[in-house]
Amino acid sequence: MPELPEVETVRRGLARWVTGRQIDTVEVLHPRAVRRHVAGAADFAAALPGRTVTDVHRRGKYLWLALDSDDAVIGHLGMSGQMLLTDASVPPGPHLRVRFTFTDGGPELRFVDQRTFGGLSLSPGGALLPPEIAHIAPDPFDPGYDPEFVVTALRKRRTGVKRALLDQTLISGVGNIYADESLWRAKLHGARASTELTRPGARRLLGHVTDVMAEALGHGGTSFDALYVNVNGESGYFDRSLAVYGREGLPCKRCGTPIRRESFMNRSSYSCPRCQPRPRRPSP
DNA sequence: CGCAGGCCCTGGTAGC
DNA sequence: TGCTACCAGGGCCTGC
């Protein structure tokens, strides 16, 4: 499940292998992959040939290819999306959704997505920051990220801390995995009311968010020698060292208490019952 | 306006 | 063995 570190790893791979190349052809193999492009798949495919990729940017879990036309191709990986750079001779897999070829005849770019939660769209004039994702807050690695502003906003939210962390309009890039990891480091249960956070407490939590994602990025962003941009941990180079996520019943790495799993927002939350006690009056 | 919950997808796996 | 049920979950949308 790609969160910020995974998307940033993909961005770096794309920046290295696609920047400066001119698009030759675009083929949409599954309309759902471009459902955010209102004008439709044919329009998407027709608009891109001849354009050159000038840069690759990211905000939170979104990334976009900036084009020499000042437009942008926005991409979101969803849960299972991958950007693969593949020689044209490699036969397409079953989940190939969109294929880009380039005029240099080099490796093609394939958007592969099993569960089709991800997708691509064309953003007119969006090269610098697509208006479609202007509502997404800066992530901790964005020059525009202001932790004191987020501290203030977080403490104003009348909701649970975890729900607030997952709100991409407050701080972006945080998903279920890194939210749980950050809360474990901060010794906070996700159902704690965000209004109860002190300013220093909120600062500490946000510091953990930044740290845990920076560490994951350090683990994942190193091996880009191959012409292969992957977002799935399955490929091996994504060696996340997780303290709580997915560790139900295993000992807490701090106190040894078995990690618990709770259902929250129709997904799983992992925490240590001892380090992260449930609040008396839980917030959603 | 702020917040909460439903829905979209499909491969893998557990259970019967 | 073959079926069903459930799980993974980010972001958009709707309704309160």
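Every chain is numbered from 1, with letters handed out A, B, ... down the list of sequences. Any value given below was found using the heavy atoms of this structure, including those in side chains, with hydrogens, waters and symmetry copies removed.
Between C/dC13, B/dG11, B/dC9, one nucleotide has an atom nearer to the side chain of A/F117 than all others, and that is B/dC9. Of the candidates C/dA8, C/dC12, B/dG11, C/dA8 carries the atom nearest the A/R261 side chain, counting heavy atoms from C-beta on. Of the listed nucleotides (C/dG10, C/dC12, B/dC9), C/dG10 has the atom at the smallest distance from the side chain of A/E3. Comparing B/dA4, B/dC9, C/dG11 by their closest approach to the side chain of A/Q168 singles out C/dG11. Closest to the side chain of A/R157, out of C/dC12, B/dC3, B/dC8, is B/dC3. Among the nucleotides C/dC12, C/dA8, B/dC8, the one closest to any side-chain atom of A/S268 is C/dA8.
Taking 4.5 Å as the limit, every side-chain heavy atom of A/E181 sits out of range of all side-chain heavy atoms of A/M213.
The interatomic distance linking A/L165 (CG) with C/dG10 (C1') rounds to 15 Å, in whole Å. Put simply, CD1 on A/I136 is 10 Å from C1' on C/dC12, counting in whole angstrom units. Atom pair A/M79:CE and B/dT10:C1' shows a separation of 10 Å (rounding to whole Å applied). If you take CZ of A/R115 and C1' of B/dG12, they are 9 Å apart, rounded to a whole angstrom. Taking atom CG of residue A/L166 and atom P of nucleotide B/dC3, one finds them 14 Å apart after rounding to whole Å. Distance A/E262 CD to C/dA8 C1': 18 Å, rounded to the nearest Å. Atom P of nucleotide C/dC12 and atom NZ of A/K61 are separated by 11 Å, given to the nearest angstrom. Rounding to whole angstrom units, CG of residue A/D167 and C1' of C/dC12 are separated by 13 Å.
A donor and an acceptor atom, one from each side chain of A/T116 and A/R32, are located under 3.5 Å apart. For A/T25 and A/T101, the side-chain atoms include at least one donor-acceptor pair closer than 3.5 Å. A donor-acceptor pair shorter than 3.5 Å cannot be found between the side chains of A/D24 and A/T103. If you check the side chains of A/S121 and A/R35, you find no donor sitting under 3.5 Å from an acceptor.
Phosphate contact (OP1/OP2 of C/dC12, side-chain N/O of A/H135, threshold under 4.0 Å): present. Between A/S80 and B/dT10, a side-chain N or O to OP1/OP2 separation shorter than 4.0 Å is absent. At B/dT10, none of the side-chain N or O atoms of A/H95 fall inside 4.0 Å of OP1 or OP2 (strictly under the cut-off).
Nucleotides of DNA chain C nearest to A/Y62 and A/Y270 differ in position, and the one nearer the 5' end is that of A/Y270.
Using a 4.0 Å heavy-atom criterion, one finds that A/R35 contacts no nucleic acid atom at all.
With hydrogens and angles ignored, no donor-acceptor pair closer than 3.5 Å exists between the side chain of A/R163 and the base of B/dA4. Judged by distance alone, with hydrogens and angles left aside, A/R267 brings a side-chain donor or acceptor within reach of the base of C/dG10, the pair sitting under 3.5 Å.
Salt-bridge annotation for A/E6 and A/K61: absent, with no side-chain N of the basic residue lying under 4.0 Å from a carboxylate O of the acidic one.
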